[in-house]
Each structure stands twice: as C-alpha cells, then as structure tokens.
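Just so you know, these numbers come straight off a predicted model, no measurement behind them. Per chain, numbering begins at 1; letters A, B, ... match sequence-line order.
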Amino acid sequence: MSDLIRAPGEARRRRPADGHGDAAGTAAARAHARARPARARSGRWTAWAFLAPVLAYLVLFYAYPLYRNLDLSLRNYTVRSFVRGGAPFTGAKNYTTVVHDPIFVPALVHTMVFTLVSLAFQFTIGMGLAVFFSRHFRLSATLRALFLVPWLLPLIVSASTWSWMLNSDSGVVNAMLHRLGIGPVNWLTSPQWSLTSVIIANIWIGVPFNLVVLYSGLQTIPVSLYEAAALDGANGWQRFWRVTFPLLRPVSAITLLLGLIYTLKVFDIIWIMTRGGPAGSSTTFATWSYRLGFGTLLPSFGPGAAVGNLLIVIALVFGLLYVRLQRRRQSI
Amino acid sequence: MTGRATWWKTAIGLVLTALMLFPVYWMINVSFTRDRDMRKSPPDWFPVHGTVAGYRAVVDQQLPHLGTSLFIGAGTVVLTLLVSAPAGYSMAKLRPRGAGVLGFVLLIAQMVPGIIMAMGFYSIYLSLGVLDNPVGLVVADSTIAVPFGVLVFAAFMTGIPDELLQAATIDGAGRLRIFWSIVLPVSRNAIVTVSLFSFLWAWSDFVFASTLDGGGDRRPITLGIYHYIGNNDQQWNAIMATAVVASIPATALLIIAQRYVAAGVTAGAVKD
C-alpha cells in the first residue's frame, strides 16, 4: 500500500508543475517536503550526467569542426600555412572573392534548379505511389518494401550504376532511345544534359523517402472520411483533392522541407557522375566547395570553406522553418 | 472476391517495382557481363555469356577495403549508441532544464552539410596527424548518426510508462541501474533502428572517406569503387561487382529488419 501512495509523490517531485493529484499523493509529497530541494538538485545532476557524453561529443565533434571551418573562411590559407598555421586574418575577403567569382551565379542557379526540380518530381511520384500502395492489394507490403532499395544503397553504388547506364556509347538508356529512333544523347559529357542527368539519378534515389513518409501520413487519415465522401458521390479524383490532399498538407510540408534540406547538400551523386562538369554545367554549391578545397592540386581552402558556410546559411533558413512547422504541428 | 478485384493492382504494382528496380537489375547484369560484350550495341539484356571475372577481381582486390568498411561501420554503431542512448534517456525521462534547447540543437545539427563537416575535420586531423586512419573515420561518420540517434531514443523512451521506472526507484534502484536494467532492455527496438542506420550511413559514406582518407590499403569500400572507376574505365564488370557486394548490407538489413527501416525513415518526419 505504501508503494501506491509514494508513487505519485515521486512523480510530483520530479515535475512540480504537474497540477492534479490525489490527497494521499499530496500528503506524501508534504511529508517529503523537507527532503525535496536536495533530492531535486541531485536529480538534476544525474540528468546532466546522462547528457554529459552527448554534450562533450557535440562540442568536440560538431562545434569545433564548424569553428575550424569558420576560421578557414576568414583567413588567407595557403597549403603551407594550412599545415604550419599562422595564416593572416583577412575578414570577409574570401566571401567577396567567392561572390564575385564567375562560377557563383551559375552554381547558385544549378543548386536551385537541382533542388527544386528534384523535389517536384520526388514528391509527385512519391505521392502517387503512396496513394496507390495505400489501397491494399496482394503483395503491396512486399513491393512497398522493395521500393526502399534505391534509398538504402550506398550513393556511390547508385551513382556509378547511373553513370554506366547513361554512358553515351554503351549505356542502356541510349540503347533504348535508339530503338525509339532518338539519336544518342551525351548525358554526362555535354553541358546541356549533365544537370538533367544528375537530377534524374537524384529523383530515383529520393522517391522512396517521399513514398514512405507520405504513406505513413496517409495511414492517419480515417477510412470513414473516404466512405462518407464516396456516399456523397465523390469520385476517386475528387476524393484525392478534397480529402487526402488537404489532410495531408502538414505531412507534405514537413516532407518537402526535409527533402529540401537534404537535397541542398547533395554532393556524392553529382561529384561521382560528372564532377560538376563538363565546364561547370552541373556545379552546385556543394560540389564547388569540395572542388575548391580538395578537387585540385592547388587547394584554396579559404574560399572553399566560405562557399560551404554560405550553404550552411541557406540550409539553416529552411531548417528553422522546419522546426517552426514541426513545433506548430506538435502543439495541435 | 478480393482476389479478382485487386489482381490488376498487383500487376501494376509489379510493373512499377520492376521499373524502379531496373537500375539495380542492370548493375547485377553488368557485373556478370564479359569484358568483350561490355560495349556491345545493343547491350545484352541478360548475362547470356555470364562470367564471374568481376567477382574474382573483388575477392582479389577489394577484400581489405570491405574489412575496413565493416570495422568503420561497427565502430560507428558502438560510438553512436554509447553517446546517444544515455542522452535519450535523460531527455525523455529526467528532463533537465535546457533539454528543449538541446533537442533543437540536434535537429539543426542534422542539417549541416557533410562537406562542411569534412572540411573542418580535415583541418583538425591534419594538425593532429591522424589522417588516413579508420578510427578518425569512425568519429567523423558518427556525426551523421548521433543527432538522429538521440532523437530516436528520446522519442522512444518517452513512451516507457513512468510507473515502471517508479516501481524500480521504490525498490531502491539508482538512476544508472534503472537505465541499464530497465530502460535499455525495453528500448530494444530503438537500439536496433539506431544501430541499423548508423551502420548503413557509415558503410555508405563517401564524403568523409574521400576527404579524410587519401588512399592506401585501409581505405573503405566506397573509395575502393571510386578509385576503380578512376583507374580502369574498362573493367565495368569488376566495378559493378564491387557495387553489388557493397549493396549486400543494405539489402540484407532490408530483408531482416524491414519494419525497423520504415520506422527509421519516418522518425522525426511524422508524429505517431
């Protein structure tokens, strides 16, 4: 019996704001009142002790590398001063260099086109597939699981497979197009097509994520709503636009924002397939930053870090938007 | 009745899945294709004159890299669990002041592009002289997984009934004991999800590997493939065979732990 009485008291001691409780609990809490401050303080210490590893981790392996990156972008580093230290502080000079670089505007445009076009297709295809798979049919669960494969494969695997499929002379895509009477397209080696090629590969990789998240969003819509709509004479198309789409809007917003943040930083696929080329025609901020820092024999770490930090700022703007949306959804 | 009503949906589903997985099939097909058929036009749709030369090349040349990747994957799992499980418990059940801010920081941390972390790590590792070291890659790769891990653990552990933990307190168990003997065993699903994804991300990592690991025998399999493409543009069966082998963990995990995969994909994106 005493156990039953003490349990609510325990809960109250940890969360003083918790308003409602029974008389026995209040009595128990009052009995423990003198011990409360000491207990609460020790509880707080334990809580922070459990957090200590992750806090140390975040400082050492997140904050410090980011600080080093900021420092790189604010100094004039050469290969020698990179190794030995002592690079002069140059303030925002790396940033102005980068902004006035002739690559800046094309890289910005490519980043935007790559992100927005990828998202539009990933989301539309993912939504169509999610609606399709939510009508249960034989094998639907198995096939839905198989759709995850492209998302789980290492990016180097997907990117090198697509490279070979899109090869101008021996690729299977051009072989199929040839059968349709469309003459060979230089997917990866011509400036007109390189950005399209990496977008196609990226859409393929991103569809599963959209499918899974939107599908789980669909599961939260009560079946009775569809039944009511059907009774009112709504056809499938109307049911989608009048019931599914509005109710899925919060999940859709979250999916699109997460997709946006992830797509902004895509680097592997583009670098492996085209290295941002030819002639910079598929260079985005991520690949530009890498090329400045690591892609050449004479690295320019300062400008590379500056481009990277600009990318962080863009990602952060949308990141904060995501956090706000998520908060609002949780408070409902 | 249901069978008749849905067979055409199953048929459409099969066609869509086949389309989606065609690149995977093509990777496998090319991995068995002979060198001299590689540039045939039109290409063979099936490996009619199949060869395992590509796989023999994998065994001859890529085994050490597979070993390195296994080590890095396992190390990343251990480090991620050590750091994120206690933090998840604290955020879910002990709730110190400031836990909300930490959650916010972790969400934002997930959004930092890998290439920027790579540049920071590169400059640190260079001054410490620990470039080209698999342990360095374990640390770098874990930065992809730790924020995710804490958030998954916190979300899962919030669901553990308080009564269970209070009963243990009354029996005289300390917080550490409660965490070790009750919270962790109950959180098996979260442990599996976090381990699975941290392993996959570390196994698949290319950004950190290509910046922090210049070459040598101890480079991971992703770099093995990358250098293959750079060095011999002719042996695409060997490249694709390596790709097939590198895809085995992802495929195996999908088959063995399908529900955990779906849980991980939606974690953070959708409220249950």
Side-chain angles (χ1 to χ4, degrees), chain A residues 3 6-7 10-11 44 46-48 50-51 53-54 57 61-62 65-66 68-69 72 135 137-140 143 145-149 152-157 160-161 164-165 170 172 175 209 212-213 216-217 251 254 258 261 265 267-268 286 289-290 293-294 304-305 308 311-312 315 319 323, chain B residues 6 9-10 13 17 20-21 23-24 26-27 30 39 41-43 83 86-87 89-90 94 96 104 107-109 111-113 115-117 119-121 123-124 139 143 146 150 162 166 169-170 175 204 206-207 211 222 225-226 229 236 239 243 246-247 250 254 258 261-262 265-266 269-271:
Chain A
D3 287 4
R6 263 165 80 183
E10 287 285 330
R44 213 182 306 143
T46 339
W48 284 106
F50 276 102
L51 284 180
V54 84
Y57 181 92
F61 303 136
Y62 258 100
L66 286 176
R68 286 292 282 258
N69 197 60
L72 275 179
R135 321 232 182 112
F137 51 87
R138 197 170 298 196
L139 286 181
S140 66
L143 296 181
L146 283 173
F147 260 83
L148 275 171
V149 169
L152 290 170
L153 291 184
L155 287 173
I156 181 125
V157 168
S160 45
T161 304
W164 186 242
M165 285 173 54
S170 337
V172 65
F209 173 76
V212 171
V213 177
S216 68
V251 178
I254 296 282
L258 270 184
I261 293 159
K265 58 181 190 180
F267 156 76
D268 315 43
S289 169
Y290 182 88
F294 302 101
L311 189 59
I312 287 202
V323 172
Chain B
T6 63
K9 285 184 195 157
T10 306
T17 314
M20 186 73 179
L21 294 187
V24 179
W26 200 249
M27 165 175 82
V30 172
R39 299 203 174 259
S41 178
V83 173
Y89 169 58
S90 181
L94 308 177
F104 175 76
L107 265 182
I108 294 297
M111 294 160 186
V112 177
I115 174 71
I116 287 145
M117 296 298 289
M119 218 170 266
F121 271 115
S123 96
I124 294 170
V139 170
T143 60
V146 164
V150 179
D162 282 327
Q166 281 152 15
T169 314
I170 289 150
R175 295 267 182 250
S204 318
F206 173 74
V207 181
T211 47
T222 48
I225 299 176
Y226 186 63
I229 303 175
W236 271 89
I239 298 172
S247 312
L254 187 65
Q258 189 195 320
V261 174
V265 178
T266 52
V270 174
K271 188 175 63 166

Residues A:F61 and B:T143: closest non-hydrogen pair is O-CG2, 3.6 Å
Counting heavy-atom pairs under 4.5 Å with chain B, the top scorer among A:D268, A:L153, A:L72 is A:D268
Shortest non-hydrogen pair, B:I108 vs A:G319, comes out as CD1-C, 4.3 Å
For the pair B:W236 and A:W164, name the ring-plane relationship: parallel under 30°, tilted 30 to 60°, perpendicular over 60°.
parallel
Honestly, the part of A:Y62 sitting under 4.5 Å from a heavy atom of chain B is both
Okay, B:Y89 and chain A: the region with an atom under 4.5 Å from a heavy atom over there is side chain
Correct closest heavy-atom pair for A:A305 and A:N69 would be CB-O, 3.5 Å
Heaviest contributor of heavy-atom pairs below 4.5 Å to chain A, chosen from B:V83, B:T222, B:I124, is B:I124
Whatever's closer than 4.5 Å to a heavy atom in chain A on B:V139 counts as both
By side chain to side chain contact (heavy atoms under 4.5 Å, CB included), A:L146 pairs with (sequence neighbours left out) A:L143, B:T17, B:L21
Q) When you measure from the side chain of B:T10 to the backbone N and O of A:R138, does any donor-acceptor pair fall under 3.5 Å? A) yes
Per-residue tally against chain B (heavy atom, under 4.5 Å) across A:V157, A:V149, A:L66 peaks at A:V157
Of B:S123, B:A87, B:A250, the largest count of non-hydrogen pairs under 4.5 angstrom with chain A goes to B:S123
Cut-off 4.5 Å, heavy atoms of chain A, and the answer for B:V150 is side chain
The interface call for A:F267 against chain B, heavy-atom contacts under 4.5 Å, is side chain
Okay, A:S289 and chain B: the region with an atom under 4.5 Å from a heavy atom over there is both
Of the listed A:V172, A:L139, A:V54, the one with the largest count of heavy-atom pairs under 4.5 Å with chain B is A:V172
Worksheet item: Is any side-chain heavy atom of B:L94 less than 4.5 Å from a side-chain heavy atom of A:W48?
Response: no
Okay, A:Y290 and chain B: the region with an atom under 4.5 Å from a heavy atom over there is both
Between A:G304 and B:M119, the two heavy atoms sitting closest are C-SD, 3.8 Å
Max heavy-atom pairs within cutoff under 4.5 Å with chain B, candidates A:I156, A:V323, A:L155, A:I261, goes to A:I156
Closest heavy-atom pair, A:A175 versus B:P43, reported as atoms and distance to 0.1 Å, is CB-CD, 3.4 Å
Okay, A:I312 and chain B: the region with an atom under 4.5 Å from a heavy atom over there is both
